[in-house]
S.K.: 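Sharing a structure, written as structure tokens. Questions coming.
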Amino acid sequence: MSDLINKTSQFFSSGIIDLFIGYKKGRLGEGKPAFFTKPDQLSELIFDENCIVNLAVYLRKPELKKYSKIGILANFGTLRALLQLAAENQITDGQYLILTVADGKVLEFANLKAIEEYVANNLPKPNPERLALLKEIESKSREERWDFWTRELSSCIRCYACRAACPLCYCEQCLVECNQPQWVGVPPTGLGNLEWHIVRAMHLAGRCISCGECEAACPMEIPLGLLTQKLNMTIISNFGQIPGTKREPDYALSTFKVDDKENFIR
Amino acid sequence: MEYKLIKLEKIQEFINSLIATGKQVLAPKQKKEKVFFSLIHSFEEIAMDYIQTAFSAKSAVFPKCEELYTFEKNGKETILNNPQAPENDTIVFGMRPCDGAAFDYLATFFLKENPDYHFKMRYDNTIFVGLTCSSGDEFCFCSSVGISPSDTRGSDLMLTKTENGYYVEIITEKGKKLVEQFANFFEQIEQIDKTKYVANIQKRFDSSALKEKISGAFDWERWEETSLPCFGCGTCAFSCPTCTCFDIQDEANLLGGTRYRIWDTCALGIFTKHASGHNPREKQSERWRNRILHKFLYTDEQFGILSCVGCGRCIRNCPAELSIIEQVNAITEG
Amino acid sequence: MENMYLPYRMFIEKITEEAPLVRTYRLKFKNPADEEKFSFKAGQFGEYSIFGEGESTFCIASSPTRKGYIECTFRVAGRVTKALANCEEGDEIGFRGPYGNTFPIDDWKGKNLLFIAGGIGLPPLRCVIWNCLDLRENYRDITILYGARSVNDLVYKHELEEWNNRPDVNLFTTVDPGGETPNWKGKVGFVPAILKEVSPSSDNTIAAVCGPPIMIKLTLPVLFELGFKEENIFTTLENRMKCGIGKCGHCAVGPYYVCKDGPVITYKELKELPQEY
């Protein structure tokens, strides 16, 4: 940790950054998001596998505009979010100082390409428990699946914490707030809830970097991540595209390739 | 005040009888990692030993989605219908004293001025059975806002777990009627000293120092810095036992529909956004400030009551682990 | 107890096109009993509903001295106003109200009155202007300064003419530079500049200002220069509202609810509020 603190401190003292987004010790020993503006605050800085919040979510905050350069301590999900945001033209190469810690060593990424390489070499296998859960749901009959999701989604209170926690939900105006016409019913009733979660999952299909923040933020314990995970797996198996691994646009649902296997598009 | 005892083996029968007579019993129930107030169908479903539910039971009187009225279109005419009152009593069973105090606040807020038809319809039909806290955690801070872990405010009956069963304090006429209706489960008992059964909830902040600082806190220069980790999910407000803000929305087809009120929160940017695009609370730090000042200043000015009851839900539920306790301490420290 | 969210059923008796996207509806009660128990005062507002679309908040733009109907003037902006604009004469809409506080016109007796409005800010003042004109003997000089972006954007064009022809009203109309037409007889320039030019006396005078925030912001310094006291300058706040009765929380500015403690407020009171409007 002292290496991380020393390096970050140097970035401050050499004027490279004026804000550092990292973690400090949370209530149960895990990391919670922390914002450092002075080197003397850095004694609280920590990083380990329990630092799970995806810090990329903060980059859209208007409060951060006043800082000239921001450093960010990225866990694996954050790195993937940064790549995906770059691919979607939301951030640019060199805009942030990006650090991570691997095998006890502090890594500073020279550019997005370096992140791309790091992500490619470290891409984890999907969590077997989650896969088993997905498989279990898939093995249900259509009616059982319908029952499962209507039951789970009926408890949704439409707080939109899933949206707020997602580093890739950055729209200025969310579709659910467009009311001419009202595409998605606002009252947290059965139909509106279903519409909202389908829309959310579809908008993240092939874009979701599987950080799990939506599900972690859901106060009602709805297994939201399963929806986006299922759609991602479909995209991966059909197009071979893994979200959050490329810094250039590589989005199966909006890019065109001359060798596309579908005929209709030509 | 009258006192009763309900033996441990009788509590189960009591609850099941409540259900059998058609009462809607809302009680703490485990769902995955958390405990929620849920409609229960038998005593076994209840999680009696919990510190705090993830959400309060406020939905009993202020549901997440509620019919204000329905409308039917009949040519050029519209027929408007009041919502139906609930047929059966609802029993909120086993709520913590902080939630009782919160119901007291809700009743003041909804009924004191411009009394709210929908709230009253449910409130009058609900019996509140409180449960003394025998333990707390580091997020409980009722004692810092003038509420005790055995506070009877807002409860019709108050239960305290003892070696012999649940000691019952009959607080209101409503509570008395319920006990009379199910008299065979209750035994007569003398008043006891509850102290040894009650959790010791530490003071987490100095309320008098806060009172001094809070009136001038709007212009405090650290709002932005202290709220940076907030990404505006609103879970604090949705799970808060005293948050009352709502939106009004229609759902309709060509024949008619329903006008609903649904939970809303000042944590969301769209909450105050004008049609012109102007937003009086543009930044999350301004929205966070509004929430804190509403709890500790604005309702005090309006009703003479703080609208924070120290239940700690906003801290436990916050995905960014922001803490209202730390926030208040930061304000009092300057 | 009454369900306060249930609206009166009204029908649209008359539609007047005021300006591009701006219309005035004259509404009458469907139920005579509703009409009988209904009363309001200048400055109050209501929630106008299209069932299935929602509610929209506007002031009552007609004067309480004109009985039997209410009028509202709105600009098409969102979902509800768009649906309202699709209505025809005879159609039914909902109305809840009146809500909010009022202009203290009884306290203004014996005083000069200065009304300053910009664009769609005239409707809230039109109510109090007609109220005072209908009780003309109670007040001394009445001066109205009204500006809009262009001649076409002026609302209540016929009434402006009527006020212009009245010897007991001093009316000044102005349009932003470039908004004038060849035969425009009013002034050209922004409201604050015209106010400076007209330079009405602040002696024993009440000013009521209503319009876009930027107009109000630039008009206030001119009023202070003219010697107006903070407690004699009135305006109306227009925060986003939903319930209208101090419950939903949308319009709250600190402990102050625009819907029940406002919308009418003096500059002196406004200064005490957190800057969240």
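All heavy atoms count here, side chains included; hydrogens, waters and symmetry mates do not. Note that the structure is predicted; figures quoted are calculated from it, not measured.
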S.K.: Contact between C:Met4 and B:Asn114 at the side-chain level, heavy atoms closer than 4.5 Å - yes or no?
M.R.: yes
S.K.: Does NZ belonging to C:Lys41 count more than 12 external heavy atoms closer than 6.0 Å?
M.R.: no
S.K.: Is atom CD of C:Gln275 surrounded by more than 12 heavy atoms (other residues, nucleotides or ligands) closer than 6.0 Å?
M.R.: no
S.K.: Among B:Arg281, B:Arg259, B:His294, B:His274, who wins on heavy-atom pairs under 4.5 Å with chain C?
M.R.: B:Arg259
S.K.: Does a side-chain heavy-atom distance below 4.5 Å link C:Ser49 with B:Phe71?
M.R.: no
S.K.: Can you tell me which portion of C:Arg79 sits under 4.5 Å from chain B's heavy atoms? Options are side chain, backbone, both or neither.
M.R.: side chain
S.K.: Any donor-acceptor pair under 3.5 Å linking the side chain of B:Asp250 with the backbone of C:Gly54?
M.R.: yes
S.K.: Where is the tightest heavy-atom contact between B:Pro280 and C:Asn239, given as atom of each residue plus distance?
M.R.: CG-OD1, 4.4 Å
S.K.: Given a strict heavy-atom distance threshold of 4.5 Å, which part of C:Tyr5 is in contact with chain B: side chain, backbone, both, or neither?
M.R.: both
S.K.: What I'd like to find out is whether the side chain of C:Leu273 reaches to under 4.5 Å of the side chain of B:Phe218, using heavy atoms alone.
M.R.: no
S.K.: Count the heavy atoms belonging to other residues, nucleotides or ligands that lie under 6.0 Å from NZ of C:Lys82, then report whether that count exceeds 12.
M.R.: no
S.K.: Checking heavy atoms, do the side chain of B:Phe119, its backbone, both or neither come under 4.5 Å from chain C?
M.R.: neither
S.K.: Do the rings of B:Phe271 and C:His250 sit parallel, tilted or perpendicular, given the 30° and 60° boundaries?
M.R.: parallel
S.K.: With a 4.5 angstrom heavy-atom cut-off, could you sort out which part of B:Asn253 is near chain C: side chain, backbone, both or neither?
M.R.: neither
S.K.: In terms of heavy-atom proximity below 4.5 Å to chain C, should B:Phe246 be classed as side chain, backbone, both, or neither?
M.R.: both
S.K.: For C:Lys30, does the NZ atom have more than 12 heavy-atom neighbours from other residues, nucleotides or ligands under 6.0 Å away?
M.R.: yes
S.K.: Select one option (side chain, backbone, both, neither) describing which atoms of B:Leu68 are under 4.5 Å from chain C's heavy atoms.
M.R.: both
S.K.: Examine whether an atom of B:Glu113 lies under 4.5 Å from a heavy atom of chain C, and if so say whether it belongs to the side chain, the backbone or both; otherwise answer neither.
M.R.: both
S.K.: I would like to know whether C:Leu6 and B:Tyr117 meet side chain to side chain contact (heavy atoms under 4.5 Å, CB included); could you show each step before the answer?
M.R.: CA-CA 10 Å; C:Leu6 274 184; B:Tyr117 176 89; over 6 Å; no
S.K.: Would a 4.5 Å heavy-atom cut-off, applied to side chains only, mark B:His278 and C:Glu238 as touching?
M.R.: no
S.K.: Between B:Ile248 and C:Lys242, what is the shortest heavy-atom contact and its length?
M.R.: O-NZ, 3.6 Å
S.K.: Quick one: what part of C:Ile93 sits under 4.5 Å from any heavy atom of chain B, side chain, backbone, both or neither?
M.R.: neither
S.K.: Given that the side chain runs from C-beta out, which part of B:Asp264 has a heavy atom under 4.5 Å from chain C: side chain, backbone, both or neither?
M.R.: side chain
S.K.: Pull out the residues in residues 72-84 of chain B that come under 4.5 Å of chain C, heavy atom to heavy atom, sorted by number.
M.R.: B:Lys73, B:Lys76, B:Glu77, B:Thr78, B:Leu80, B:Asn82, B:Pro83
S.K.: Got C:Cys243 and B:Arg261 here, is their nearest side-chain heavy-atom distance under 4.5 Å?
M.R.: no
S.K.: For chain B, find which of C:Gly249, C:Gly78, C:Gly254 contributes the most heavy-atom pairs closer than 4.5 angstrom.
M.R.: C:Gly254
S.K.: Is it the case that atom CD in B:Glu212 sees more than 12 heavy atoms from other parts of the structure closer than 6.0 Å?
M.R.: no
S.K.: Provide the closest heavy-atom pair for B:Tyr69 versus C:Pro7 in the form atom of the first, atom of the second, distance.
M.R.: OH-CD, 3.4 Å
S.K.: Can you establish whether the number of heavy atoms outside B:Lys174 located under 6.0 Å from its atom NZ is more than 12?
M.R.: yes
S.K.: If you look at every heavy atom in C:Ala77 and B:Ala275, which pair is closest and at what distance?
M.R.: CB-CB, 4.5 Å
S.K.: Checking B:Asn290 against chain C: side chain, backbone, both or neither under 4.5 Å from a heavy atom?
M.R.: side chain
S.K.: Heavy-atom cut-off 4.5 Å, strictly under: side chain, backbone, both or neither for C:Tyr257 against chain B?
M.R.: side chain
S.K.: Nearest 0.5 Å, what's the CD-CG distance between C:Glu276 and B:Asn279?
M.R.: 10.0 Å
S.K.: Among B:Gln249, B:Lys120, B:Glu251, single out the residue with the greatest number of heavy-atom pairs under 4.5 Å to chain C.
M.R.: B:Lys120
